[in-house]
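Worksheet for the structure shown next.
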Amino acid sequence: MKECGYSEINTRGTSPMESPHIKKKATVRRKWEVFPGRNKFYCDGRVMMARQTGVFYLTLILILVTSGLFFAFDCPYLAVKITPAIPVIGGILVFFVMGTLLRTSFSDPGVLPRATPDEAADLERQIDVANGSTSGGYRPPPRTKEVVINGQTVKLKYCFTCKIFRPPRASHCSLCDNCVERFDHHCPWVGNCVGKRNYRFFYMFILSLSFLTVFIFAFVITHVILRSQQSGFLNALKDSPASVLEAVVCFFSVWSIVGLSGFHTYLISSNQTTNEDIKGSWSSKRGKENYNPYSYGNIFKNCCAALCGPVNPSLIDRRGFVPADMPQAVSPSNGLTMYGSTQSQSNMAAATPLLQNEPSVTSDELPLPGKTSIHAPCTSLALGQPTPPSSMPNLNSESILTDMIPLKEDLGNHQFLTPDEAPSPPGMLPVNSPVTHSHTMHVLNLVSQDSLHEDSVRGLVKLSSV
């Protein structure tokens with residue numbers, strides 16, 4: 001005989017059922033904390049950079065060290081011998097270079113937000129309708145769509161990572177794992193992608209860095225020549241050894257920096273991106289009718305569009321708050337109301353034995369016909385102290401024994417098999433094996449019966465002999 005146990009509901013724990021008066025302290029997170037791309041964020045999401053920032057720190061060191069040596073060893077002599085405007089101009093250039101570098105590195109280049117699950121599912125339905133896939137066979141979605149821009153057909157590629165059709169001139173950066181609007185290239189020297197929102201600052205950075213490099217290199221050579229005229233070349237190098245290091249750094253970097261500035265000046269004048277120029281998207285080699293649909297046909301207009309237009313706002317809202325799941329009041333089958341739980345938690349709570357209405361009959365708990373089973377479902381308990389169910393008002397020992405021990409005349413209507421007569425199920429041990437005596441069959445006019453334990457059989461045999 002088994003006892004019917006009642007477990008007290010803990011209203012102060014972290015169970016799926018909670019009191020409506022007790023509120024959970026929800027943790028508020030910002031969107032940059034759950035951003036899916038491979039980026040680094042600093043200052044509570046205000047600073048956004050790529051994950052690989054080692055080369056960016058090298059750029060900072062080269063600029064700051066070279067400029068610092070120039071102001072420490074060359075500017076004092078040049079300000080006295082030539083003009084005091086030299087350190088002033090040098091300071092303005094360094095300030096402009098550092099400002100544009102940090103603005104390029106710390107800003108959002110124009111990352112496109114990824115599609116939500118609902119948007120991705122809706123897009124897949126549109127693709128299925130466009131393909132006419134009414135059958136159950138699998139058809140991969142098309143990788144491109146075609147749009148017409150200024151008479152030129154432009155293909156929009158589908159991004160399987162972001163689940164969107166990329167807008168014109170956008171591309172997916174493999175290093176940052178983001179789709180960037182008007183993607184130009186990923187620059188490790190600035191530690192970020194270069195796109196629609198930071199391209200003008202990148203161009204100003206390399207252009208001002210070109211002027212600064214030429215400026216420092218020219219006046220370092222001037223400083224060495226003036227000193228060598230007074231005390232000789234070797235004594236001039238001994239008096240200002242830092243000038244040699246500055247001249248070497250500027251000499252090897254001025255060619256690449258000036259060349260890069262000239263290349264991007266050409267791109268701006270023709271309203272192209274580095275990505276488009278490398279791929280030859282608007283090259284005449286592809287056909288006579290192939291032309292750049294984004295060009296205004298004028299160098300001045302193209303430069304104004306790239307450098308003087310408004311800066312578009314960020315689309316990812318990285319400092320915005322993640323919308324928390326709204327608490328839903330779910331009414332399970334037993335009438336209890338759960339607050340502040342999600343749908344999955346409510347389903348799990350409804351599936352627990354305490355909240356089920358239907359009794360579960362196992363192989364060890366087959367009820368006798370005409371008798372009351374103590375394994376009937378317990379009624380719902382209100383929050384607080386547990387109370388016995390109304391179906392069993394007096395749960396004492398006499399009522400349980402009277403209710404469970406059958407009378408003699410009732411036992412005459414039932415037939416029982418002894419342990420030796422009970423047949424073994426197929427695939428089990430032989431009948432003579434001692435293990436088979438631990439099971440017996442209870443005939444209840446069912447198609448198939450599960451085996452009962454030996455202790456239950458012995459108790460029923462003793463009752464039949466009374």
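Side chains are part of it too, since the values below use all heavy atoms of this structure and drop only hydrogens, waters and symmetry mates. Just so it is clear, the model here is predicted, and its values are computed rather than measured.
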### Task
Answer whether the closest heavy-atom distance between the side chains of His186 and Cys176 falls below 4.5 Å.
yes
### Query
From Asp317 CG over to Trp32 CH2, what is the distance, rounded to the nearest 0.5 angstrom?
14.0 Å
### Message
For Tyr296, is there any backbone N or O sitting under 3.5 Å from a side-chain donor or acceptor partner on Asn271?
### Response
no
### Query
Hey, what do you get for SG (Cys187) to CG (Asn192), rounding to the nearest 0.5 Å?
9.0 Å
### Query
Does some side-chain heavy atom of Phe106 sit less than 4.5 Å from a side-chain heavy atom of Arg46?
no
### Message
I need the minimum non-hydrogen distance between Gly37 and Arg51, along with the two atoms involved.
### Response
O-NH2, 4.3 Å
### Query
Mind checking whether Phe211 and Val97 have side chains closer than 4.5 Å, heavy atoms only?
no
### Query
Do you know the tightest heavy-atom contact between Tyr294 and Ile149?
OH-CD1, 3.7 Å
### Query
Quick check: are there more than 12 heavy atoms from other residues, nucleotides or ligands sitting under 6.0 Å from NZ of Lys40?
yes
### Task
List the steps, then state whether side-chain contact (heavy atoms from CB on, under 4.5 Å) holds for Ile86 with Phe215.
CA-CA 9 Å; Ile86 293 177; Phe215 180 83; 3.9 Å; yes
### Query
To the nearest 0.5 Å, what is the distance between CZ (Phe165) and SG (Cys159)?
11.0 Å
### Message
So for atom CZ, which belongs to Phe263, do other residues, nucleotides or ligands contribute more than 12 heavy atoms lying within a distance under 6.0 Å?
### Response
yes
### Message
One pair to check against side-chain contact (heavy atoms from CB on, under 4.5 Å): Glu181 and Leu315. What are the steps and the verdict?
### Response
CA-CA 10 Å; Glu181 193 174 7; Leu315 300 178; 4.0 Å; yes
#### Entry: Taking every non-hydrogen atom, the tightest pair across Leu123 and Ile164
CD2-CA, 4.3 Å
### Message
With a 3.5 Å distance limit and no angle check, can you tell me whether Thr59 reaches the backbone of Val55 through a side-chain donor-acceptor pair?
### Response
yes
#### Entry: Heavy-atom closest contact (Lys196 atom, Asn312 atom, distance)
CE-ND2, 2.6 Å
### Query
With no hydrogens and no angle check, is any side-chain donor or acceptor of Ser231 less than 3.5 Å from a backbone partner on Arg227?
yes
### Query
Around atom CZ of Arg29, are there more than 12 heavy atoms of other residues, nucleotides or ligands at under 6.0 Å?
no
### Query
Taking C-beta and beyond as the side chain, do Val111 and Phe35 meet within less than 4.5 Å on heavy atoms?
yes
### Query
Where do Asn39 and Phe41 come nearest, in terms of heavy atoms and distance?
CB-CE1, 3.9 Å
### Query
So, does Asn275 use its side chain to make a donor-acceptor pair with the main chain of Phe183 at under 3.5 Å?
no
### Task
Assess the pair Phe201 and Tyr203: is the distance between their ring centroids shorter than 6.0 Å?
no
### Message
Would the distance check show the side chain of Arg200 and the main-chain N or O of Gly309 forming a donor-acceptor pair, the cut-off being under 3.5 Å?
### Response
yes
#### Entry: side-chain contact (heavy atoms from CB on, under 4.5 Å) assessment of Lys145 paired with Tyr158
CA-CA 8 Å; Lys145 283 185 177 181; Tyr158 180 80; over 6 Å; no
### Query
Distance-only, no hydrogens or angles: does the Ser105 side chain make a donor-acceptor pair with backbone N or O of Leu102 under 3.5 Å?
no
### Task
Determine whether Val190 and Leu101 make a side-chain contact, defined as any pair of heavy atoms from C-beta on separated by less than 4.5 Å.
yes
### Task
For the residue pair Phe251 and Phe217, establish whether any side-chain heavy-atom pair is separated by less than 4.5 Å.
yes
### Query
In chain order, what residues pass the side chain to side chain contact (heavy atoms under 4.5 Å, CB included) check against Ala170, with sequence neighbours excluded?
Leu112, Arg166, Pro167
### Message
Assess the residue pair Glu276 and Arg169 against the criterion (salt bridge (Lys or Arg N to Asp or Glu O under 4.0 Å)); give the C-alpha distance rounded to whole Å, side-chain angles, the decisive distance to 0.1 Å, and a yes or no.
### Response
CA-CA 8 Å; Glu276 294 171 348; Arg169 314 188 83 177; 2.9 Å; yes
### Query
Are any side-chain N or O atoms of Arg30 and backbone N or O atoms of Arg319, one a donor and one an acceptor, separated by less than 3.5 Å?
yes
### Message
As an exercise, state the distance from CG of Asn292 to OG of Ser283, rounded to the nearest 0.5 Å.
### Response
11.5 Å
### Task
Report yes or no: does Ser208 contribute a side-chain atom to a donor-acceptor pair with the main-chain N or O of Phe205 at less than 3.5 Å?
yes
Identify all side-chain donor-acceptor contacts of residues 63-78 below 3.5 Å with residues at least two apart in sequence or on another chain.
| residue | atom | partner | partner atom | Å |
| --- | --- | --- | --- | --- |
| Thr66 | OG1 | Leu62 | O | 2.7 |
| Ser67 | OG | Ile63 | O | 2.8 |
| Asp74 | OD1 | His223 | ND1 | 2.5 |
| Asp74 | OD1 | Ser243 | OG | 2.7 |
| Tyr77 | OH | Gln230 | NE2 | 3.3 |

#### Entry: Donor-acceptor under 3.5 Å (Thr116 side chain, Glu119 main chain)
yes
### Task
Determine, stepwise, if the pair Cys173 / Asn178 fulfils side-chain contact (heavy atoms from CB on, under 4.5 Å).
CA-CA 5 Å; Cys173 177; Asn178 297 314; 5.5 Å; no
### Message
With heavy-atom distances below 4.5 Å as the criterion, would you say the side chains of Ile278 and His185 are in contact?
### Response
no
### Summary
Between the SG atom in Cys43 and the CE atom in Met48, the distance rounded to the nearest 0.5 Å is 14.5 Å
### Task
Can you establish whether the number of heavy atoms outside Tyr42 located under 6.0 Å from its atom OH is more than 12?
yes
### Query
So, do Val148 and Val154 sit near enough that their side-chain heavy atoms are less than 4.5 Å apart?
no
#### Entry: ring-ring contact (aromatic ring centres under 6.0 Å, His included) between Phe202 and His264, worked out
CA-CA 10 Å; Phe202 172 78; His264 279 277; 5.2 Å; yes
#### Entry: Residues forming a side chain to side chain contact (heavy atoms under 4.5 Å, CB included) with Ser314, sequence neighbours excluded
Asp108, Arg197, Ile316, Arg318
### Query
Side chains of Thr274 and Asp184: is there a donor and an acceptor less than 3.5 Å apart?
yes
### Query
Just by distance, do the side chain of Ser261 and the backbone of Ile206 share a donor-acceptor pair under 3.5 Å?
yes
#### Entry: Atom pair CG/CD1 of Asn302 and Ile299 - distance to nearest 0.5 Å
8.0 Å
### Task
Taking all heavy atoms of Pro293 and all of Gln152, pick out the closest pair and write down the distance.
CB-CB, 3.8 Å
